[in-house]
**Student:** 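Just dropping this structure here.
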Amino acid sequence: MPERQRKTIHHLLAEARSELERVAPAELADLMESADSTKGGRLRVIDVRPHEDRERTGIIEGSEHIGLLVLQWRLDPDSGASQGTAAGLDDHVVVVCNQGYSSSLAAGQLQQMGFARATDLDGGVEGWIEAGFPVVPPPRA
């Protein structure tokens, strides 16, 4: 078996981000306000943070919650596990986490799966709040 070259998390993050057109908080706010922002697909803002973080910090209004561990399964229309959450390959998917690290890795994987317009929110929810944009309490289950 050939020896594998080790990649650190920093390498994986850099690789993922090299393929992404990351969205700044102001850009996401504009996209969410604009009815024609998606150029054919729909805009999906997907918050992958755990329940505790969403409760503590709040959420971006209009975002969907899909846990990080099941994100790829839920969005892939061919997975058999989408449970009504599958995305179209032309959808503009913006993944959101706390600071923009996990979301970059997840968006990079979504691009590898064929979601060409998958990206993430630069700075995550913390960057969104620091930029002065509002959050709301998450919906009660």
Side-chain angles (χ1 to χ4, degrees), residues 2-141:
E3 188 174 324
R4 296 189 90 174
Q5 180 68 29
R6 181 184 186 284
K7 291 184 181 182
T8 67
I9 189 64
H10 302 292
H11 288 111
L12 294 173
L13 186 62
E15 282 180 3
R17 286 182 173 171
S18 73
E19 300 296 322
L20 301 177
E21 291 183 27
R22 300 185 78 207
V23 177
E27 292 175 283
L28 180 57
D30 289 345
L31 285 170
M32 292 178 79
E33 287 182 21
S34 176
D36 62 339
S37 66
T38 58
K39 301 176 189 166
R42 63 185 173 143
L43 175 65
R44 304 221 13 216
V45 179
I46 301 179
D47 189 333
V48 297
R49 298 175 300 148
H51 174 76
E52 298 79 22
D53 289 346
R54 293 166 41 84
E55 283 287 326
R56 179 179 45 80
T57 311
I59 65 168
I60 297 171
E61 189 169 15
S63 65
E64 306 170 51
H65 179 247
I66 300 176
L68 183 60
L69 294 177
V70 296
L71 177 67
Q72 293 81 356
W73 293 99
R74 296 290 187 262
L75 292 188
D76 188 340
D78 297 320
S79 73
S82 64
Q83 301 176 349
T85 60
L89 294 178
D90 60 342
D91 286 353
H92 191 173
V93 178
V94 181
V95 184
V96 177
C97 69
N98 282 322
Q99 297 177 331
Y101 295 100
S102 297
S103 58
S104 290
L105 294 170
Q109 286 183 334
L110 291 174
Q111 281 201 354
Q112 290 175 359
M113 294 170 60
F115 296 96
R117 298 180 68 216
T119 190
D120 76 322
L121 176 61
D122 192 0
V125 171
E126 289 181 15
W128 175 266
I129 293 169
E130 287 174 15
F133 293 103
V135 291
V136 298
R140 297 288 173 226

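Here, residue 1 is the first one in the sequence, and each next residue gets the next number.
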**Student:** To the nearest 0.5 Å, tell me how far Arg56 CZ sits from His51 NE2.
**Tutor:** 12.0 Å
**Student:** Are more than 12 heavy atoms from other residues, nucleotides or ligands located less than 6.0 Å from atom CD of Glu21?
**Tutor:** no
**Student:** When rounded to the nearest 0.5 angstrom, what distance separates CD in Gln109 from CD in Glu19?
**Tutor:**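 It is 13.5 Å, given to the nearest 0.5 Å.
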**Student:** Looking only at atom types and distance, does a side-chain atom of Ser18 sit under 3.5 Å from a main-chain N or O of Glu15, one as donor and one as acceptor?
**Tutor:** yes
**Student:** Between Leu68 and Cys97, is any pair of side-chain heavy atoms under 4.5 Å apart?
**Tutor:**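 Side chain of Leu68 against side chain of Cys97, heavy atoms only: no contact under 4.5 Å found.
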**Student:** Just to verify, which of Leu110, Val95, Asp90 counts as forming a side chain to side chain contact (heavy atoms under 4.5 Å, CB included) with Phe115?
**Tutor:** Leu110
**Student:** With side chain to side chain contact (heavy atoms under 4.5 Å, CB included) as the criterion, how do Ile46 and Leu71 come out once you've worked through the C-alpha distance, each side chain's angles and the decisive distance to 0.1 Å?
**Tutor:** CA-CA 9 Å; Ile46 301 179; Leu71 177 67; 3.8 Å; yes
**Student:** Are Asp47 and Arg54 close enough for a salt bridge, meaning some N to O gap below 4.0 Å?
**Tutor:** yes
**Student:** With a 6.0 Å cut-off (strictly less than), is the heavy-atom count around CD of Glu55, excluding the residue itself, greater than 12?
**Tutor:** yes
**Student:** Is there a donor-acceptor pair under 3.5 Å between the side chain of Asp120 and the backbone N or O of Ala107?
**Tutor:**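 Judged by distance alone, no pair lies under 3.5 Å.
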**Student:** Does the side chain of Val23 come within less than 4.5 Å of Asp122's, by heavy atoms?
**Tutor:** no
**Student:** Would you please test Arg17 and Ser104 for side chain to side chain donor-acceptor pair (under 3.5 Å) and show each step?
**Tutor:** CA-CA 6 Å; Arg17 286 182 173 171; Ser104 290; 2.9 Å; yes
**Student:** So, Arg22 versus Thr119: side-chain donor-acceptor pair below 3.5 Å or not?
**Tutor:**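 No, because no side-chain N or O of Arg22 sits under 3.5 Å from a partner of the opposite role on Thr119.
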**Student:** Do Leu31 and His92 touch side chain to side chain, with heavy atoms closer than 4.5 Å?
**Tutor:** yes
**Student:** Is any side-chain heavy atom of Leu121 less than 4.5 Å from a side-chain heavy atom of Ile60?
**Tutor:** yes
**Student:** Could you tell me whether the side chain of Glu33 and the main chain of Asp30 form a donor-acceptor pair under 3.5 Å?
**Tutor:**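 Looks like no, no N/O pair under 3.5 Å.
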**Student:** Determine yes or no for a side-chain-to-main-chain donor-acceptor pair under 3.5 angstrom, with Asp76 supplying the side chain and Asp78 the backbone.
**Tutor:**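 Side chain of Asp76 to backbone of Asp78: a pair is present.
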**Student:** Does the Asp53 side chain pair with the main chain of Pro50, one donor and one acceptor, at a distance under 3.5 Å?
**Tutor:**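 Between the backbone of Pro50 and the side chain of Asp53 there is no qualifying donor-acceptor contact (under 3.5 Å).
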**Student:** With heavy-atom distances below 4.5 Å as the criterion, would you say the side chains of Ile66 and Thr85 are in contact?
**Tutor:** yes
**Student:** To the nearest 0.5 Å, how far apart are CG in Leu20 and CD in Gln111?
**Tutor:**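 Rounded to the nearest 0.5 Å, the CG-CD separation comes out at 5.0 Å.
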**Student:** Step through the shown structure and confirm whether more than 12 heavy atoms of other residues, nucleotides or ligands are within 6.0 Å of CZ on Phe133.
**Tutor:** yes
**Student:** Let me confirm one number: the CZ-CD distance from Arg49 to Glu52, rounded to the nearest 0.5 Å.
**Tutor:**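 Here the interatomic distance stands at 11.0 Å.
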